[in-house]
Amino acid sequence: MHECEICGKRAETVYEIDFEGVRTLACEKCAKGRQVMGVLGQKKQPEARGDKRAVQQAYEAVSEELADNYGELIRNARERMSLPLKVLAERISEKESTLARVEKQETLPSEKTRKKLEKELGIRLIVKVPASPRQPQHEQDKITLGDMIKPNKGGDE
Ligand SMILES: [Zn+2]
């Protein structure tokens, strides 16, 4: 279990987000609409308590994206396996130069290449992010912590 550093809620899965420029762990709710840099604890499935609907809803609330540090993930896994780039390239029928560029994040791997890399290295290059659309102008309507916990009063006069 991880604790949301914004609302304090304990959650099985938390997102590493950019919160006012600070790397912060947040629950799914608090991570919504923010830039997600990583996910913690996603390998464990939510405990099945006969509530399949809740699980399904949680699943639909996120979309999958290539990890921000995909190059690092590939290189780390490859180095762990002491696998030279050339050998890895041969194993997945890719050009060594292409893989080198992917590791440096100079280029994105195609979906096919990504899947081959994941399989060969035993890693996941996809992270789950909240599915809310990214708002380019979110600088203007940033919600402060104070606003979020302020009780919602009816009249404002
Ligand atoms: Zn939270």
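Note that ligands are numbered from 1 as they come in the structure, with each ligand's atoms numbered from 1 the same way.
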Trainee: List the steps, then state whether side chain to side chain contact (heavy atoms under 4.5 Å, CB included) holds for Y70 with V102.
Mentor: CA-CA 8 Å; Y70 64 92; V102 170; 3.9 Å; yes
Trainee: Report yes if some heavy atom in the side chain of D18 is under 4.5 Å from a heavy atom in the side chain of R34; otherwise report no.
Mentor: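 No, too far: nothing below the 4.5 Å cut-off.
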Trainee: T107 and T98: which non-hydrogen atoms are nearest, and at how many Å?
Mentor: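 Where T107 meets T98 most closely, the heavy atoms are CG2-O, 4.2 Å.
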Trainee: Evaluate the salt bridge (charged side-chain N to carboxylate O under 4.0 Å, His left out) criterion for residues K128 and E65: first the C-alpha distance (whole Å), next the side-chain angles of each, then the deciding distance (0.1 Å), finally the verdict.
Mentor: CA-CA 6 Å; K128 289 182 165 52; E65 279 184 14; over 6 Å; no
Trainee: Output yes when a side-chain donor or acceptor of E28 lies under 3.5 Å from a complementary backbone atom of A11, and no otherwise.
Mentor: no
Trainee: Have E94 and T113 got a donor and an acceptor in their side chains that come within less than 3.5 Å?
Mentor: yes
Trainee: Keeping to distances under 2.8 Å, can you name the protein N/O/S atoms close to the Zn ion (ligand 1)?
Mentor: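 You should have found C4 SG, C7 SG, C27 SG, C30 SG.
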